Each structure stands twice: as structure tokens, then as C-alpha cells.
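Written below as C-alpha cells is the structure these notes are about.
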Amino acid sequence: MTHPQTRHRIVSSEDEPLILVDSQDREVGVLAKADCHDGAGVLHRAFSLFVFNEEGALLLQQRQADKRLWPLFWSNSCCSHPRAGEDMPLAIRRRLEQELGLSARLGFLYKFEYNAQFGDAGTEHELCWVYAGTTPAQPVINTSEIAAWRWITPSDLDAELNATPELFTPWFKLEWQSLRNTHRARLEQLLR
């Protein structure tokens with residue numbers, strides 16, 4: 001569903017400097033976002049946010065049509081990268097406000113490395129930090145980043161992922177499985 005409250009503001013570019021890391025998440029350099037996603041991809045730091053409402057529904061977003069990687073795929077509430085010189089708490093607050101016009105009480109869950117190629121368009125090779133939390137607010141989406149959004153219950157999401165997994169981003173499917181299994185107790189703690 002598209003919410004009547006929207007805004008359109010360019011908040012990212014292909015030349016923004018991302019933080020390169022090794023598999024232990026140690027910083028090893030800086031590289032432009034476009035270069036990080038070219039070819040087989042270069043490992044860089046990223047984050048994924050899972051924002052729930054007070055009724056326990058998850059905020060999903062559909063990625064904008066002009067995204068280079070996975071356009072119009074459904075994904076978690078917000079995902080992006082800290083920029084060079086930016087710590088993770090600042091990065092997640094910045095991006096949550098830029099994309100969704102929200103603030104939320106978020107807690108760290110886990111981090112993991114993944115690699116996913118999107119045809120000839122490029123590759124995500126990320127060391128991703130995963131956070132979850134709640135907000136009482138409704139989003140004000142940035143239409144330069146998001147095509148649509150919706151709240152969904154965990155059980156309905158499980159059913160959709162089983163029926164139509166091809167509609168969702170690869171990192172979201174990995175993260176949701178981990179939240180539902182390995183990190184369920186910590187997630188429930190964060191959502192209390």
C-alpha cells in the first residue's frame with residue numbers, strides 16, 4: 001500500500017564512499033558504492049533494520065523501480081550502508097529518517113556475511129549488521145527509495161515467503177529465517 005504521506009528526496013548516490021571490511025568486520029579501506037557492487041562485488045559493511053509496530057506487524061518496503069539491484073523486490077523495513085567515517089548508530093538513525101521518516105528504538109541482533117548476484121547488474125557482497133525494534137509511528141516514505149510499503153504479521157509473511165519467495169530480496173529471506181529460528185528469543189526481547 002502507498003501511504004498518502006510521502007516525500008521525494010535524493011539521499012544516496014553511486015559515488016558515496018562505503019566502508020570496505022574483511023570477513024572479521026575489520027575496516028580495510030573505502031570504495032565508491034558503484035564499485036562495491038560491480039562484478040562479483042567487494043565486501044563492505046551494511047545494515048538491515050526490522051521495524052515492527054506495537055501490534056507486532058513488520059514494516060516491509062518495496063524497493064524503487066530504478067534501483068540498480070533488486071528493483072521492485074519486497075524487503076525488510078530499511079537497509080543501507082554506513083558511509084566512510086560514520087559509526088553504525090548514526091548511520092541507522094540517518095537512514096531510517098531519510099527513507100521512512102521514522103525514529104525507532106532498535107537493538108542489535110547479529111551480523112553475517114552474504115553474497116548475492118543480480119544478473120549482470122551487479123552483486124551484493126556485504127557484512128551486514130541486523131537490528132530490530134518498534135515504533136508507534138506510521139512511515140512517511142521517501143519515493144526516491146521506496147515504491148510501496150505495508151505492515152504484515154509474521155505468520156502472513158511466512159506464508160508469502162513460502163508461496164512467492166521470488167518476490168523478496170535474497171538478504172531479507174536469509175535474515176527473516178534467522179530471526180524466526182536462531183535469534184527468535186532475542187527478537188522477542190527487543191519487541192517487548
Side-chain angles (χ1 to χ4, degrees), residues 11-12 16 18-21 23 25 33 36-37 41-53 56-64 67-83 86-118 122-135 139 141-142 145-152 154 157-158 160-161 165 167-191:
V11 294
S12 63
E16 65 188 63
L18 304 187
I19 302 166
L20 301 181
V21 294
S23 290
D25 199 26
K33 181 171 140 181
C36 286
H37 295 135
V42 180
L43 184 61
H44 57 282
R45 189 173 288 154
F47 59 83
S48 281
L49 310 180
F50 287 75
V51 179
F52 293 81
N53 65 19
L58 175 65
L59 177 62
L60 291 184
Q61 69 156 276
Q62 185 181 37
R63 293 165 60 80
Q64 188 51 259
K67 289 276 190 187
R68 174 180 172 185
L69 303 176
W70 288 276
L72 296 177
F73 281 66
W74 285 94
S75 199
N76 53 294
S77 311
C78 179
C79 48
S80 190
H81 316 91
R83 295 173 179 158
E86 186 177 45
D87 70 16
M88 196 61 79
L90 177 61
I92 63 176
R93 280 193 310 272
R94 171 183 57 80
R95 196 60 181 200
L96 193 58
E97 195 287 320
Q98 288 175 339
E99 282 195 24
L100 296 163
L102 289 176
S103 62
R105 186 177 41 86
L106 297 169
F108 175 76
L109 287 164
Y110 71 104
K111 54 184 163 178
F112 75 111
E113 181 178 339
Y114 78 95
N115 192 313
Q117 187 166 351
F118 188 67
T123 302
E124 289 283 15
H125 189 191
E126 296 185 335
L127 198 300
C128 190
W129 299 38
V130 180
Y131 292 81
T134 59
T135 184
I141 66 163
N142 183 344
E145 296 288 328
I146 299 171
W149 67 272
R150 59 193 167 118
W151 296 104
I152 188 168
L157 178 55
D158 290 340
E160 279 193 32
L161 284 166
L167 300 181
F168 296 88
T169 60
W171 62 88
F172 172 63
K173 291 184 280 191
L174 292 169
E175 292 164 357
W176 185 247
Q177 181 180 20
S178 188
L179 291 185
R180 297 294 272 165
N181 298 310
T182 311
H183 300 283
R184 182 185 285 257
R186 173 70 175 135
L187 177 62
E188 289 172 356
Q189 182 183 44
L190 288 173
L191 300 184

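None of these values were measured; they are calculated from a predicted model.
Distance check, rounded to the nearest 0.5 Å: CD of E86 to CZ of R83 gives 6.5 Å. Taking CG of L157 as the reference point, atom CZ of R180 lies at 8.0 Å (rounded to 0.5 Å). If you take CD on Q61 and CG on L100, they are separated by 6.0 Å, rounding to the nearest 0.5 Å. The CG atom of L187 sits 11.5 Å away from atom CG of N181, with the distance rounded to the nearest 0.5 Å. Interatomic distance, SG of C36 versus CG of L20, reported as 5.0 Å (0.5 Å rounding). Note: R105 CZ to T134 OG1 = 4.0 Å, rounded to the nearest 0.5 Å.
Aromatic ring centres of W129 and F108: separated by under 6.0 Å.
Using a cut-off of 4.0 Å between Lys/Arg side-chain N and Asp/Glu carboxylate O, R95 and E145 are scored as salt-bridged.
When all heavy atoms of P82 and R94 are compared, the pair lying nearest together is CA-NH2, 4.5 Å. The two atoms that bring P139 and W151 nearest to each other are CD-CZ2, 4.1 Å, heavy atoms only. Nearest heavy-atom pair, L90 versus D87, reported as atom, atom and distance to 0.1 Å: N-OD1, 2.9 Å. Smallest separation of non-hydrogen atoms from L174 and Y110: O-OH, 4.4 Å. Residues A46 and H81 share a closest heavy-atom pair of CB-CD2, 3.9 Å. The minimum heavy-atom distance linking K173 with P165 is given by the pair NZ-O, 3.0 Å.
Aromatic ring orientation, F112 versus Y114: parallel (interplanar angle below 30°, classes split at 30° and 60°).
Side-chain polar atoms of W176 and N76 form no donor-acceptor pair below 3.5 angstrom. Using a 3.5 Å distance cut-off with no hydrogens or angles, the side chains of R93 and S103 do not pair a donor with an acceptor.
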Would L59 and T135 satisfy side chain to side chain contact (heavy atoms under 4.5 Å, CB included), going step by step from the backbone distance to the final call? CA-CA 10 Å; L59 177 62; T135 184; over 6 Å; no

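Between the T169 side chain and the F73 main chain, no donor and acceptor come within less than 3.5 Å of each other. In terms of modelled atom types and a separation under 3.5 Å, the side chain of R63 and the main chain of W70 share a donor-acceptor contact. A donor-acceptor contact shorter than 3.5 Å is absent between the side chain of H125 and the backbone of T123.
Counted within 6.0 Å of CD on Q177, heavy atoms from surrounding residues, nucleotides or ligands total 12 or fewer; the atom is thus considered open.
When side chains are defined from C-beta on, V51 does not count as touching C78, because their heavy atoms never get closer than 4.5 Å. H37 has its side chain out of reach of F118: every pair of non-hydrogen atoms, C-beta onward, lies at least 4.5 Å apart.
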